[in-house]
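All remarks here apply to the structure that follows.
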Amino acid sequence: MTNTQLPEKKLLTGIPASPGIIIGKAHLVDRSRVKILYQYLINEDQINREVERFKKALCITESQLLQIKNRMPERMKDHSFILDSHIMIIHDSMLKDATVEKIRKEKINSEWALKKSFEEIKLLFDEVDDYYIRSRLTDVENVTERILRNLSGNNDTSLSQINGRVIIVAHDLSPADTTELNITRVMGFITDAGGRTSHTAIMAQALEIPAVVGLEQATKQIREGDLLIVDGNSGQVIFSPDEDDIIAYQEKQLRHEQYKSFIARTSHLPAVTLDGQRVYVMANIEFLEEVAAAKDYGADGIGLYRTEFLYLRSKGIPSEDDLFEDYREVAEIIAPMPVTIRTFDLGGDKFMAGLKTAREMNPALGLRAIRFCLKETKIFKSQLRAILRASTLGNVRLMFPMISGVQEVLDAKAILHEVMAEMEKEGIPFDHQIKTGIMIEVPSAVAMAEALAEQVDFFSVGTNDLIQYSLAIDRANELVAGMYQPFHPAILRMIRQVVSAAKGAGIEVSLCGEMAGDPLCTAALLALGINQLSMNARVIPLIKKIARTISSEDARDDLEKVMTLKTATEVRKHLLRTMSELLPELGEEGILDLSGGAR
Ligand code: PEP
Ligand code: MG
């Protein structure tokens, strides 16, 4: 291409990290990995000086992070824990002590030793299959990079100095970098690295600046001053767009702004259908720190607390007291609204550092969740005790995952009763009437739903796994991702069967898979008889809004038509039409834009 030609329009697709649409000029910042220029051996008499140099870099790093934390705008304060966690990483023995030891024993310079310590930590993380946990490695990497910059004395690239309404393009930004972005000027950012659950993404959401991460090639392809359209809802970035793109995105931008102001006005109102049916719209969370955001989005409670992460985060098996403290806080913050604590879904694809488990050929069909708990009863009992202890401090419900039949429920309940008897003896208070339920996410549990309903207080349909096991599609395998069909008629039939069994036995039934947060599914799920939905907190206001536009009777009529359809494509098309009639102001494209759910 010659200089006189207009640059060619290009499209990059990444991971939407923070919603919103922006159109502006690119500003590239160099946040590429710090290159270690020197790796050298040191003499015995240089060791102490080298250790001191390393410790000094740690001190500088800590005071920088503290400064950034203290300068955080008021509305970001809820998220200061992220910077606290980075400060804790500085002092983690696997980073700090291990590096000092390498300097002393291997007689190598600090940069080299630190890099080696990071590589060791990385190896440990690589053993964990869980995406969320692996993405926490980014935090360790961010801290390591900052220490390396301080060791090299090259930390003058403060982002708070950036001038002008620009869109930052960087290889990666740490949460601290993101906090430093001068929020009155920077429109948003895009990065090559990063994932949906990275702390950088959480920071961008708190700052309410649109962001797309994981673009891989952005810094290679985009040049300083290029005009960019960044769609933080879909993850698309267009550079050198044509006029049509700009007009189309300006319209989208307007729609998004309207949606945001609508959320601010209505998210705390209850969701009631046109004919007066109350719908409980709750949040799925994975760690304690998410409870505040769930409340901000107007959650009617925590419908699913996935408790794996405390186990995966800690070095060994967390103590009963640690678990209790965590559950207590969640229960207290969300009270009087309920929190459903699901006992851990470990084993299979999620491994604990302190536990030796066999590598399995088919982990999704392996020793996971309740099967693992019924085998490792000591670990299971300790979690049950922690949940029971928290049960007097809020509105706590207990749920068992991956139940495949009645015997497992009987076995799990027998252990629960054993634990209750022990606690009673020890004089430890707990809620004797604690509501106990199960996830319905294995096809055999659907077939046995009537018998299972006699054993428990509630069901929660886990469509993520139910789809995986029913359609025989590995939910984590990209090769078959296109065949993972939430709208498959078989899934709707199974949900209907589960609801009918629950209603027959007079127990509650909710749904907590990704389908719950898909705007296309709301009407059909309500018509199927589900009035408790639990989802990613960000979509709660939208789902509440949709629920308010639905008349149960119309939805039931529509469901009858849906149930005659034979393929997932037909069902999806039909539901998209239904929803765009209910929300004409959004139209089909708008609904798909705002969908944070099942796709
Ligand atoms: C599910 O399977 O639908 C579910 C909610 O559980 P998880 O995604 O944690 O497996
Ligand atoms: Mg599941």
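Owing to the predicted nature of the structure, the values given are computational and were not obtained by experimental measurement. Starting from 1, each residue takes its place in the sequence as its number. Just follow the structure's listing: the first ligand is 1, and inside any ligand the first atom is 1.
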Determine whether any heavy atom of Met439 lies closer than 4.0 Å to an atom of ligand 1.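 The answer is yes, since Met439 has a heavy atom less than 4.0 Å from ligand 1.
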I need the atoms of ligand 1 closer than 4.0 Å to a non-hydrogen atom of Leu304, numbered in the order shown.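 Answer for ligand 1: 5 (C).
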Check ligand 1 against Gly513 and write out every atom of the ligand that is under 4.0 Å from a heavy-atom position of the residue.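 Once the distances to Gly513 are compared, the set is 3 (O).
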How are the rings of Phe344 and Phe380 set relative to one another: parallel (under 30°), tilted (30 to 60°) or perpendicular (over 60°)?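 Perpendicular: the ring planes of Phe344 and Phe380 meet at over 60°.
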Between Arg368 and ligand 1, does any nitrogen or oxygen pair lie at a separation below 3.5 Å?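 No, since none of the N or O atoms of Arg368 sits under 3.5 Å from an N or O of ligand 1.
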Any side-chain donor paired with an acceptor under 3.5 Å for Gln277 and Ser552?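 Judged by distance alone, the side chains do pair up.
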Between Thr463 and ligand 1, which part of the residue brings a heavy atom under 4.0 Å of the ligand: side chain, backbone, both or neither?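 The answer is the backbone of Thr463.
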Who passes salt bridge (charged side-chain N to carboxylate O under 4.0 Å, His left out) against Glu216, sequence neighbours left out?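 Glu216: no salt bridge (charged side-chain N to carboxylate O under 4.0 Å, His left out) contacts found.
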Pairing of [X] and [Y] as salt bridge, 4.0 angstrom limit:
X      : Y      : result
Glu570 : Lys566 : no
Arg389 : Glu320 : yes
Arg368 : Asp465 : yes

Given Met535, Arg342, Glu308, identify the one with the heavy atom nearest to atom 6 (O) of ligand 1.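 Nearest heavy atom to atom 6 (O) of ligand 1 lies in Arg342.
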Name each donor-acceptor pair under 3.5 Å that joins a side chain in residues 445-463 to protein atoms two or more places apart or in another chain, with its distance.
unit_1	atom_1	unit_2	atom_2	d
Gln455	OE1	Lys413	NZ	3.2
Asp457	OD2	Thr436	N	2.8
Ser460	OG	Ser510	OG	3.1

Name every donor-acceptor pair, under 3.5 Å, that has one atom in a side chain of residues 519-532 and the other anywhere in the protein, sequence neighbours excluded.
unit_1	atom_1	unit_2	atom_2	d
Thr522	OG1	Pro519	O	3.4
Asn531	ND2	Arg278	O	3.4
Gln532	NE2	Glu508	OE1	2.8

Mind listing the protein N/O/S atoms less than 2.8 Å away from the Mg ion (ligand 2)? Waters don't count.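 Near the Mg ion (ligand 2), below 2.8 Å, one finds Glu441 OE1, Asp465 OD2.
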